[in-house]
There are 2 protein chains.
Amino acid sequence: MNLINLSEGAYLAMHSLALVAKSQPERLTVKHLAEELDASQAHLAKVFQTLHKAGFVDSVRGPAGGFILKKPAEEISFLDIYEAMEGPVNLGHCPFGKTKCAFHNCIFTKDIHRISADIYQTYKRIRLSDF
Amino acid sequence: MNLINLSEGAYLAMHSLALVAKSQPERLTVKHLAEELDASQAHLAKVFQTLHKAGFVDSVRGPAGGFILKKPAEEISFLDIYEAMEGPVNLGHCPFGKTKCAFHNCIFTKDIHRISADIYQTYKRIRLSDF
DNA sequence: TCTATTTAGGCATTATAGTACCTAAATAAA
DNA sequence: TTTATTTAGGTACTATAATGCCTAAATAGA
């Protein structure tokens, strides 16, 4: 069981974009990336549709086609990718969306908020140019 | 979107056991706890079936029934509860269960492992007696 | 004994993520 | 121009987690 919350989709997005960034300016195909990551080609294709719509990559169809980064690798953080795949992160509120808490001092306040902030800052700091 | 991985079930287990611990030796009912936590009574009842089987609570049926802790609050950590609800945690491996990694140094090694270890130690440290 | 309360357990329903499939569009190469 | 390749997008299927519902069992109290 995984302690951090990262779907297969977000995992694929982060890892495949890192590979795309590494091989710039060469285009990479979904087929190639799926083999490289030992992942489902169908799922990865869906992920890249999302990444394309979100403006992270440019696509070229046909033979010798594939994906390249649309923005410089320095300008794409893991947080950007995470939010594109999983939706926007909202820190500062109860991580479970509760408006009412049975505890005067939430039993999670001290620790869970610290950890959430840590993950947030970590994702924000890591950039595709780091690979 | 929540950065840490904690299901509604695990959230309910941690919070309701904290309330049970606080009100010892009085028994608490699922109905009471559901109101207190503003949560689904049906779901909480399921959670307590799991907690009962896992040996965290003793149950008494019928009027004036409810749940009490079976073990001292000092001996129950959030990690114990988490694992009872979500399954055993395995640190030290790829958090996504991959045996093959496309990166010589996994892009997550430094940070994700640090954060996972942090969450693990935090859950391990927090005990029901802390409330 | 009877009734109301409360947990136990099984089953059904719902939501979501993941996967698969099919067709269209684009394009490089033969 | 034709063919093979590859992304785009829609739809549908599957698996699993989460949630809800119903009935049985237990038990305190009237």
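Side chains are part of it too, since the values below use all heavy atoms of this structure and drop only hydrogens, waters and symmetry mates. Every chain is numbered from 1 and lettered A, B, ... according to where its sequence line falls, protein lines coming before strand lines.
- Comparing A10(A) and G65(A) by the nucleotide of DNA chain C whose heavy atom lies nearest to each, the residue mapping closer to the 5' end is A10(A).
- At a threshold of 4.0 angstrom between heavy atoms, the contacts of K31(B) with the nucleic acid are absent.
- Between G9(A) and R61(A), the residue anchored nearer the 5' end of DNA chain C, judged by the nucleotide with its closest heavy atom, is G9(A).
- When the nucleotides dT19(C), dA8(C), dA8(D) are ranked by their closest atom to the side chain of F67(A), dA8(D) comes out on top.
- Looking only at distances, no side-chain donor or acceptor of Q41(A) sits under 3.5 Å from a matching main-chain atom of V30(A).
- Residues P63(A) and F48(A) each lie close to DNA chain D; by heavy-atom proximity, the contact nearer the 5' end of the strand is made by P63(A).
- Rounded to an integer number of Å, the gap from N5(A) CG to dA17(C) C1' is 12 Å.
- Counting only residues at least two apart or in different chains, salt bridge (Lys or Arg N to Asp or Glu O under 4.0 Å) contacts with residues 119-131 of chain B comprise D111(A)-R125(B).
- The nearest whole Å value for the distance from the CG atom in D58(A) to the P atom in dT6(D) is 18 Å.
- Comparing G62(A) and S59(A) along DNA chain D, the residue whose closest nucleotide (by nearest heavy atom) sits nearer the 5' end is G62(A).
- No N or O donor and acceptor, one from the side chain of K53(B) and one from the base of dG9(C), sit under 3.5 Å apart.
- Within the 4.0 Å cut-off from OP1 or OP2 of dT7(C), not a single side-chain nitrogen or oxygen of H52(B) is found.
- Atom pair H43(B):NE2 and dA12(C):P shows a separation of 19 Å (rounding to whole Å applied).
- Side chains of M14(B) and L128(B) form no contact here, defined as non-hydrogen atoms less than 4.5 Å apart.
- If you take CZ of R27(B) and P of dA28(D), they are 8 Å apart, rounded to a whole angstrom.
- Scanning atom types as modelled, no donor and acceptor separated by under 3.5 angstrom connect the side chain of E8(A) and the base of dG18(C).
- Taking atom NZ of K46(B) as the reference point, atom P of dA12(C) lies 13 Å away to the nearest angstrom.
- Taking side-chain N and O atoms only, S40(B) has a distance below 4.0 Å to OP1 or OP2 of dG20(D).
- For the pair L51(A) CG and dT7(D) C1', the computed distance is 13 Å after rounding to whole Å.
- Both Y82(A) and L19(A) are assigned to one and the same hydrophobic cluster, defined by single-linkage of ILVMFWY side chains at heavy-atom distances under 4.5 Å.
- Distance K70(B) NZ to dT7(C) P: 16 Å, rounded to the nearest Å.
- Set against dA18(D), dG9(C), dG9(D), the side chain of Q49(B) has dG9(C) as its closest nucleotide.
- With rounding to whole Å, L44(A) atom CG is found 13 Å from dT6(D) atom C1'.
- Each of V60(B) and V20(B) belongs to its own hydrophobic cluster when Ile, Leu, Val, Met, Phe, Trp and Tyr are linked at side-chain heavy-atom distances under 4.5 angstrom.
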